[in-house]
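Accompanying notes for the structure given below.
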Amino acid sequence: MTTPSQHTPTPAPPAPSDFIRDIVAAHVAEGRYPRIHTRFPPEPNGYLHIGHAKSICLNFGIAREFGGVCNLRMDDTNPAKEDVEYVDSIMADVNWLIDGWAGDRLGMKPLGATPQAIESNGRKDYFLPPVVGQGGGAKLEPFYASDYFDEIYEYAVALIEKGRAYVCDLSPQDTDSYRGAPDRPGKESPWRERGIAESLDLFRRMKAGEFPDGARTLRAKIDMTAPNVWMRDPVLYRIRHTEHHHTGAKWTIYPMYDFAHCLSDYLEGITHSICTLEFEVHRPLYDWILESLALPRPLPHQYEFARLSLAFTVMSKRKLLQLVNDKVVTGWDDPRMPTISGLRRRGVTPEALRHFAYNIGITKYNGITDLAVLEHAIREDLNRRAWRRLAVLRPLKVVLTNYPEDKTEELDAVNNPEDPAAGSRRIPFGRALYIDADDFMETPPPKYFRLRPGGEVRLKYAYIIKCDEVVKDAAGKIIELRCTADLDSKAGGATAGRKIKGAIHWVSAAHAIDAEVRLYDRLFTVAEPDAAGDFKEHLNPDSLEVLTAKCEPALREAKPELRYQFERLAYFALDPASAPGKPVFNRTITLRDTWAREKQKG
RNA sequence: UGCCCGAUGGUGUAACGGUAGCACAACAGACUCUGGAUCUGUUUGUCAUGGUUCAAAUCCAUGUCGGGCAGCCA
């Protein structure tokens, strides 16, 4: 037995090319920016999912490929929906996904840091540079849009002073009806031409908390007849007497996404602000705000790509939250969830997720990615790293009638045929064994080459056995097989080279350890669960099956950071809920099963 | 039906006016002490109609289909 490792990373695919990277490459070529600077800006109102993983891989991938930086920023402008639990999970998930890959590109900031007043091109300016690559030993934290509320407020005042924003007293309902519709122009607010001094005063009093929620808003003065509804005097600030998870009770007014986001990008010196397609119609507003403020440094620009849609999966945070709240799953990190934490708990590695993200590409086309693409990336990765182990999920007892009662021997078995450096272990063998019930059929169909009455099969790493007798209980259920072993057929033996079509896995009954195994399957039965109607009507009732497996003793030392292949079955990872002597294995993904396909063909 | 965006095999993506390629899937075979992995091969595609051009997936026009936009959400 050697001391092996699992350090056989799947070779990284070549850096991808896509329309956004083409733009960045052109900017690098023309020397447009001193440094490429992207950001990943989730709202802390839920856990990150595999769609976010696509965005993380894009933003950090660009930083990595072009020698830039990617800031992690909490886009926390709506205190009603956000929570520190989500902030913590986001940091953990991002770090897990980029560690050892783009961890050295991660932009954070010193704990408590806020934008510094500086002078740029002879004008007053604010700037908050990143600390890159988490080093230095200093206490760091992610960026928070809410750390910019002072500056954003000041920018709002500047907009009012320029006559480009006004305080509006319209009720939420009236604001809505005045906006018009996509095919119908809006109507100007009666407060639109209110004097600058009056707006300034009212805005100051909004900040002071003098007015109740919804009483007034700050609005940009653009064009109520614009064909793009987001240019119809959009709300910039709203009143919310709500405590914020990061700023506490300091504020009673909060900036809207459109106002805060472009300014956050600017304050951090972002060059390429990459988001999903639904923000495409917001881009004119993004540019309008920054240009109206006549800021002294180069402006960031927004680029949009198609979000990920995965077959048999729901991706909206609202729906995922519903699954959690309705206890359809055990939590955000349930291994059936498409969340990063769920995939991690299931046993998927960061490498597999990154390779998946690379393989699906970046476009502006809203397609649905086949689950097989994800599954392939997972299998490809796990095949290279997972240690092979023998485990029997549905035990059927086998007694070797010609094998001595009291004899035990130990057989050599390699840990990973893909990786000689992974070494080997010994597996105990004895007279009484378990094999999987699926590996025996009394009256098998054609092309079945596992065990059958009178037939032979190879016990992996051990002997060739022949089935002599099928023992049944009173109900006719098969409870035991009585077999004889070809005692010369193990490795090195005289008949070891005999060609036997089938090789099956097994464990020694006397040495087997029990383990709980959780067999996960897709959560939904249809490819597009949220295409129409209630997505919960398409839940897969068999998305989880729990069994007690018989495992080879080496699995007693299973480690949560390692991956295992139960030979001929599936890849498994130890669940964090495991206790000493009470292992729990999550099935990450089954092996490809061409026999199952063959059977289906009938 | 106002504005914006998109359309390449079954799915996802490449080709940037010059041979339609890759991945996944599917199928067939080789190999195999995992019906795994690996290897070989095969099938299937430029939304439509015009135009520009020696040459169009690519440029232009029109149409068709799909997606997005009317939160004081992000």
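Here is how names work: the chains are called A, B, and so on, in the same order as the sequence lines, proteins then strands, and each is numbered from 1.
- Using a 4.0 Å heavy-atom cutoff across all strands shown, A:Y257 reaches at least one base atom of the nucleic acid.
- Applying the 3.5 Å distance criterion, the base of B:G36 shares a donor-acceptor pair with the side chain of A:E418.
- Nucleic acid contact class of A:Y448 (heavy atoms, under 4.0 Å, all strands): base.
- The residue A:T594 sits close only to the backbone: its heavy atoms come under 4.0 Å of sugar-phosphate atoms, none of a base.
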What protein N or O atoms touch nucleotides 19-25 of chain B N or O atoms at under 3.5 angstrom, if any, and at what distances?
residue, atom, partner, partner atom, Å
B:C24, OP1, A:H376, NE2, 3.2

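- The partner of B:C33 is absent, by the rule that a Watson-Crick or G-U pair needs both atom distances under 3.5 Å.
- In summary, the side chains of A:N71 and A:E268 do present a donor paired with an acceptor at a separation below 3.5 Å, with no hydrogens or angles considered.
- Between the side chain of A:R450 and the base of B:G35 there is at least one donor-acceptor pair of N/O atoms closer than 3.5 Å.
- Heavy atoms of A:S171 sit under 4.0 angstrom from at least one base atom.
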Mind listing the N/O atom pairs, protein and nucleotides 14-18 of chain B, below 3.5 Å?
residue, atom, partner, partner atom, Å
B:C16, N4, A:D22, OD2, 2.9

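- Contact annotation for A:N228: no contact, since no heavy-atom pair falls under 4.0 Å across all strands.
- The closest side-chain donor-acceptor pair between A:Y403 and A:E409 falls under 3.5 angstrom.
- Among the heavy atoms of the strands lying under 4.0 Å from A:I360 are primed sugar atoms or P, OP1, OP2 only; no base atom is included.
- The base-pairing partner of B:U64, taking Watson-Crick or G-U wobble contacts with both distances under 3.5 Å, is B:A7.
- The side chain of A:R318 contributes no N or O atom lying less than 4.0 Å from OP1 or OP2 of B:A74.
- Residue whose closest nucleotide on RNA chain B sits further toward the 5' end, between A:P417 and A:R179: A:P417.
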